[in-house]
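Worksheet: the structure to be examined is printed underneath.
Here is how names work: the chains are called A, B, and so on, in the same order as the sequence lines, proteins then strands, and each is numbered from 1.
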Amino acid sequence: MSFADRLIDWQRRAGRHDLPWQRRRDPYGVWVAEIMLQQTQVATVIPYYQRFLERFPSAAALAEADLDEVLQLWSGLGYYSRARHLHRAAREIVERWGGVFPKRVEDIARLPGVGRSTAAAIAVFAFGARAAILDGNVKRVLARCFGIEGYPGTPAVERRLWRQAESLLPERDVAAYTQALMDLGALVCTRARPRCEACPVAGDCVARLTGRAEQLPTPRPRRPLPLRQVQWLVVLRHDEVLLEKRPPAGLWGGLWSFPEIAVEEDATAWCERALQASAQALTPLEPFDHVFTHFALRIHPQLVRVRRVPARAAQPGWLWIPIDEAARAAVPTPVRKVLAAVGSPGP
DNA sequence: CAGCCGTGGCT
DNA sequence: TAGCCAAGGCT
């Protein structure tokens, strides 16, 4: 029996069949699922997927929405450029494709946020196309099965993996085969402690036969990171907290967060400058020189280790948000946690 | 091309 | 426990 047939047969018995995005096979539902699942585990995606599709049931509904609302529904899921791309792509589908999701893999792959692998997955699951995917699961399964050495992040190794993935494609049942590949990687051929005894292709697996299953795929070469520490300023006024809108791209792009400074900077001086610079936006607040009688500045004790201090926006927006509402605003998860830790500052 | 982007689970 | 990685794509 061929590699593909063994996997398809196994998938029918032991694979996943009841995931939310497997219930609907329309291209929009498949597309949103594939974007959310990029670098994100299934269990994390499920509640976000259900909320998102309830609010935006179609590309047209998504295209009409404000980006802020899309980001708010995405908040906590991470990789926020996915949400910005999704929103842009929805408008592209409406304007360029007349609201009809493109069918050709090349056209799907031109949508923002959709690369080669995601385009193939959409085409396979929504349109029954014959195309190969190559995600983390598939890379691991193929690297082990066929003994492909080397870090998959390098172009040479990735080319070999793509060629291998293409050559294994069955003539029919590509959707079942693709799902099988991902299920095998997620449930059996796991990164640590693979369950080789439950694998339908263990008999032909190079890594299994050479005892190198846990050594493949070759891990990323580690390079020491110049870690710095930054800290957040939490500016409070009664039961309100000051948030700034981050630049539209980059880290937490378009989301609201606390002002963030390097640990070497003087927080008090920085806060004075920031409040002075945004005096217009802060009306009807008191003049900044009263800041320490009318406002409370807290330097949150939680320090964050980051690669670099994120660049600040030239013209950040500022917003005083009641603490209760802030917890529901479009803010990234670390900010929500700090917010919960700060609580109400009292009178 | 290599670094960046987020959060959570795992060992 | 601190690092590694996950249904990758963009620059």
Side-chain angles (χ1 to χ4, degrees), chain A residues 15-16 19-22 30-49 71 74-86 88-89 108-122 124-125 132-141 143 151-159 161-162 165 175 178-187 189-194 214-227 246-255 257 304-311 330-337:
Chain A
R16 298 173 289 191
L19 296 171
W21 42 91
Q22 291 177 319
V30 172
W31 170 47
V32 172
E34 292 303 328
I35 298 298
M36 285 191 172
L37 286 162
Q38 287 171 356
Q39 299 293 101
T40 310
Q41 296 181 349
V42 167
T44 306
V45 164
I46 288 176
Y48 283 89
Y49 181 78
L71 284 171
W74 205 273
S75 178
L77 196 53
Y79 281 129
Y80 299 97
S81 66
R82 294 184 295 175
R84 298 191 293 269
H85 287 146
L86 202 64
R88 260 209 299 144
I108 298 173
R110 281 193 200 100
L111 295 172
V114 179
R116 179 175 175 184
S117 185
T118 299
I122 296 170
V124 166
F125 290 130
I133 66 163
L134 189 64
D135 58 26
N137 283 323
V138 180
K139 285 176 182 174
R140 189 169 55 252
V141 169
Y151 170 56
T154 66
V157 177
E158 187 161 11
R159 272 194 300 275
L161 288 167
W162 269 116
T178 302
Q179 189 63 49
L181 216 40
M182 292 191 291
D183 286 355
L184 190 70
L187 303 175
C189 196
T190 49
R191 181 168 65 88
R193 294 147 78 85
E214 298 222 46
Q215 271 68 260
L216 291 178
T218 305
R220 178 195 203 97
R222 55 168 56 193
R223 73 187 69 232
L225 295 179
L227 293 182
R246 299 186 61 90
L251 180 68
W252 299 335
L255 298 181
S257 74
V304 187
R305 302 171 65 82
V306 294
R307 295 169 185 272
R308 59 184 177 83
V309 179
V331 298
T333 299
V335 176
R336 286 204 298 262
K337 287 178 178 169

TODO: Could you check whether A:V114 gets within reach of a base, just the sugar-phosphate, or nothing at all, counting any heavy atom under 4.0 Å?
DONE: sugar-phosphate
- [ ] Measure the CD1-CD distance between A:I133 and A:E34 for me, rounded to the nearest 0.5 Å.
- [x] 7.5 Å
Task: Check: A:P112 main-chain N/O paired with A:R88 side-chain donor or acceptor under 3.5 Å - done: no
Identify the pairs formed between an N or O of the protein and an N or O of nucleotides 7-10 of chain B at a distance under 3.5 Å, and give each distance.
| from | atom 1 | to | atom 2 | distance (Å) |
| --- | --- | --- | --- | --- |
| B:dT7 | OP1 | A:Y80 | OH | 2.8 |
| B:dT7 | OP1 | A:T333 | N | 3.1 |
| B:dT7 | OP2 | A:W252 | NE1 | 3.4 |
| B:dG8 | OP2 | A:K337 | NZ | 3.4 |

Task: Distance, rounded to the nearest Å, where A:L111 contributes CG and C:dG9 contributes P - done: 12 Å
Task: 5' precedence on DNA chain B between A:G153 and A:T40 (nearest-nucleotide basis) - done: A:G153
Task: Separation of the C1' atoms in C:dA6 and B:dC1, to the nearest angstrom - done: 23 Å
Open item on the list: For the P atoms, the ones on B:dG6 and on C:dT1, what distance do you get once it is rounded to whole angstrom?
Closed with: 27 Å
Task: Integer angstrom distance from the P of C:dC4 to that of B:dG3 - done: 14 Å
Open item on the list: Regarding A:E214, tell me which of base, sugar-phosphate or nothing describes its non-hydrogen contacts under 4.0 Å with the strands shown.
Closed with: nothing
- [ ] Could you check A:H85 against A:Q179 and say which one's nearest nucleotide on DNA chain C is further toward the 5' end?
- [x] A:Q179
- [ ] Could you check how far CG of A:N137 sits from P of C:dC5, rounded to whole Å?
- [x] 14 Å
- [ ] Mind calculating the distance between CG (A:L216) and P (C:dC5) to the nearest angstrom?
- [x] 13 Å
Open item on the list: Distance check needed: C:dG9 C1' versus A:R88 CZ, whole Å only.
Closed with: 12 Å
- [ ] Starting at NZ of A:K139, measure out to CG of A:L216 and round the result to the nearest 0.5 Å.
- [x] 14.5 Å
TODO: Please report, rounded to the nearest Å, how far the P atom of C:dG9 is from the CD1 atom of A:I122.
DONE: 9 Å
Open item on the list: Under the salt bridge (charged side-chain N to carboxylate O under 4.0 Å, His left out) definition, can you give me all pairs with a residue in residues 111-122 of chain A, not counting sequence neighbours?
Closed with: A:R116-A:E166
- [ ] Check every strand shown and say whether A:W74 touches a base, only sugar-phosphate, or nothing at a heavy-atom separation below 4.0 Å.
- [x] nothing
Open item on the list: Contact between A:S257 and A:V331 at the side-chain level, heavy atoms closer than 4.5 Å - yes or no?
Closed with: no
Open item on the list: Please find the pair of heavy atoms, one from A:W21 and one from A:A33, that lie closest to each other, and give the distance.
Closed with: CB-CB, 3.4 Å
Task: Rounded distance in Å - CD1 (A:I35) to P (C:dA6) - done: 18 Å
TODO: Could you run through DNA chain C and flag its stems, i.e. three or more consecutive Watson-Crick or G-U pairs with both distances under 3.5 Å?
DONE: B:2-5 with C:8-11, B:7-11 with C:2-6
Open item on the list: Is a donor from one side chain sitting under 3.5 angstrom from an acceptor on the other, for A:R336 and A:S75?
Closed with: yes
Task: 5′-ward residue of the pair A:R159/A:R82 relative to DNA chain B - done: A:R159
Task: d(CD, A:Q38; C1', C:dC10) in whole Å - done: 11 Å
Task: Check: A:T154 side chain, A:Y151 main-chain N or O, donor-acceptor pair, under 3.5 Å - done: yes
Open item on the list: Applying a 4.0 Å non-hydrogen cut-off, can you work out what A:R84 is touching in the nucleic acid: base, sugar-phosphate, or nothing?
Closed with: nothing
Open item on the list: Base, sugar-phosphate or nothing for A:G250? Non-hydrogen atoms, less than 4.0 Å.
Closed with: sugar-phosphate
Task: Polar side-chain atom of A:W31 near backbone of A:I35 as donor-acceptor pair, under 3.5 Å - done: no
Open item on the list: Between A:T40 and A:Q38 (side chain of the first, backbone of the second, donor and acceptor by atom type, cut-off under 3.5 Å), is there such a pair?
Closed with: yes
Task: Protein-nucleotide distance (A:W162, atom CH2; C:dG8, atom P), rounded to Å - done: 11 Å
